[in-house]
Novice: 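Once you've had a glance at the structure underneath, I'll fire off some questions.
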Amino acid sequence: MIAFVSGPVAALAPTTAVIEVGGIGMAVQCTPGTLAGLRVGQDARLATSLVVREDSLTLYGFADDDERQVFELLQTASGVGPRLAQAMLAVHAPDTLRTAVSTGDEKALTAVPGIGKKGAQKLLLELKDRLGEPVRAGVVRQATGPASWSDQLHAALIGLGYATREAEEAVALVTPQAEAALAGGTQPPVPQLLRAALQSLNRTR
């Protein structure tokens, strides 16, 4: 297993970072939040989890070991693969997920793209004794309002190399989508909003 990769950031894409390790570029799948903390040319260290399939080897990267541990624990639930586990971490921090599971917060899980009401109920049952209690007291922050999703999206765009003005304009363009989600009682899907924001930026360039 590859526990972590460390080296200069060679390239960044909407869902991937390329880390140069010993002259080899390692493509690592990351959440927008993790990508937001990376800069091309600067050294980075990512905790990683290698997912092996018959036709592929995929390396998933995380800001720290705790995030990786939660990623792997989420996959012990039936129906949760690496992509869905990563989507859950793209929307919620590890301790936010622990809080959601320990308190039975169904709405927090349905905020993740790909998880419906029944799926959330099943996950709450299966994960209740697996994720444990929040480990960072006082740091947990629920993504309950526009500031949370917009700050996360803005940081991700800056991390991908866009100027502050471009990031602000892109956030403004996808705000109606986020507000529609909030009006429907769900959290704005940050990964989908990031894709829409990138499409708008590509059209204006």
Side-chain angles (χ1 to χ4, degrees), residues 1-5 12-19 25-38 46-135 142-143 149 152-153 156 159-160 177 181 186-196 198-199:
M1 176 183 174
I2 301 174
F4 70 89
V5 295
L12 291 171
T15 60
T16 307
V18 178
I19 309 296
M26 305 286 285
V28 187
Q29 299 289 316
C30 303
T31 64
T34 298
L35 290 170
L38 304 177
L46 296 176
T48 56
S49 179
L50 181 64
V51 176
V52 180
R53 295 287 185 264
E54 290 184 2
D55 58 348
S56 67
L57 295 173
T58 306
L59 198 59
Y60 290 85
F62 310 93
D64 54 39
D65 292 337
D66 183 43
E67 194 172 73
R68 177 185 62 197
Q69 181 182 25
V70 171
F71 171 78
E72 293 174 346
L73 286 172
L74 289 172
Q75 292 177 72
T76 63
S78 58
V80 179
R83 290 187 182 279
L84 183 56
Q86 189 181 51
M88 294 172 75
L89 286 166
V91 176
H92 298 300
D95 267 356
T96 304
L97 283 172
R98 291 189 181 99
T99 300
V101 171
S102 64
T103 60
D105 188 352
E106 186 180 302
K107 185 176 289 187
L109 294 188
T110 57
V112 179
I115 299 181
K117 184 179 177 66
K118 290 184 177 179
Q121 294 171 343
K122 185 177 180 183
L123 285 172
L124 289 173
L125 287 173
E126 291 194 34
L127 295 172
K128 189 169 183 61
D129 298 321
R130 300 181 193 180
L131 292 188
E133 295 296 320
V135 297
Q142 293 282 357
W149 72 261
Q152 187 177 1
L153 180 57
L160 291 172
Q177 296 179 43
T186 61
Q187 303 296 336
V190 175
Q192 292 180 19
L193 293 174
L194 178 60
R195 285 193 291 271
L198 290 169
Q199 289 173 359

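Since we're looking at a predicted model, the values are computed, not measured.
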Novice: Sequence neighbours excluded, which residues qualify as side chain to side chain donor-acceptor pair (under 3.5 Å) partners of R83?
Specialist: none
Novice: Any side-chain heavy atom of R53 within less than 4.5 Å of one from T58?
Specialist: no
Novice: To the nearest 0.5 Å, what is the distance between NZ on K118 and OG1 on T110?
Specialist: 14.5 Å
Novice: Could you tell me the separation between the NZ atom of K117 and the NZ atom of K107, rounded to the nearest 0.5 Å?
Specialist: 10.0 Å
Novice: Could you go step by step and tell me if L84 and V112 meet the side-chain contact (heavy atoms from CB on, under 4.5 Å) rule?
Specialist: CA-CA 8 Å; L84 183 56; V112 179; 4.3 Å; yes
Novice: Provide the closest heavy-atom pair for L12 versus L35 in the form atom of the first, atom of the second, distance.
Specialist: CD2-CD2, 3.9 Å
Novice: With a 4.5 Å cut-off on side-chain heavy atoms, are Q69 and P94 touching?
Specialist: no
Novice: Locate the shortest heavy-atom distance separating A77 from L123; write the atom from each residue and the value.
Specialist: CB-CD2, 3.7 Å
Novice: What heavy-atom pair brings L194 and P32 nearest, and what distance separates the two atoms?
Specialist: CD2-CG, 3.7 Å
Novice: Is a side-chain N or O of R68 found less than 3.5 angstrom from the main chain of F4, in a donor-acceptor match?
Specialist: no
Novice: Go through it in stages, so that I can follow the logic: the residues are L193 and Q177, the test is side-chain contact (heavy atoms from CB on, under 4.5 Å), and I'd like the CA-CA distance, side-chain angles, deciding distance and then a yes or no.
Specialist: CA-CA 8 Å; L193 293 174; Q177 296 179 43; 3.8 Å; yes
Novice: Apply side-chain contact (heavy atoms from CB on, under 4.5 Å) to L46 and L38, showing your working.
Specialist: CA-CA 10 Å; L46 296 176; L38 304 177; 4.3 Å; yes
Novice: Would you say T99 and H92 make side-chain contact, with heavy atoms under 4.5 Å?
Specialist: no
Novice: Flag the pair L109 / D105 as yes when at least one side-chain heavy-atom distance between them is below 4.5 Å, and no otherwise.
Specialist: no
Novice: Tell me the closest heavy-atom pair linking A120 and I115, and the distance in Å.
Specialist: N-CG2, 3.7 Å
Novice: Which value, rounded to the nearest 0.5 Å, describes the distance between F71 atom CZ and D66 atom CG?
Specialist: 14.0 Å
Novice: Is there a side-chain contact between L74 and L97, using heavy atoms and a 4.5 Å cut-off?
Specialist: yes
Novice: At what distance, to the nearest 0.5 angstrom, does CZ of F62 lie from SG of C30?
Specialist: 8.0 Å
Novice: For the side chain to side chain donor-acceptor pair (under 3.5 Å) test, which of Q75, E72, Q86 pairs with S49?
Specialist: E72
Novice: How far apart are the closest heavy atoms of D64 and E67, and which atoms are they?
Specialist: OD1-N, 2.8 Å
Novice: Are T48 and M26 close enough, and set up right, to give a side-chain contact (heavy atoms from CB on, under 4.5 Å), and what steps lead you there?
Specialist: CA-CA 11 Å; T48 56; M26 305 286 285; over 6 Å; no
Novice: Might you point out which heavy atoms bring A47 and D65 nearest each other, and give the distance in Å?
Specialist: CB-OD1, 3.4 Å
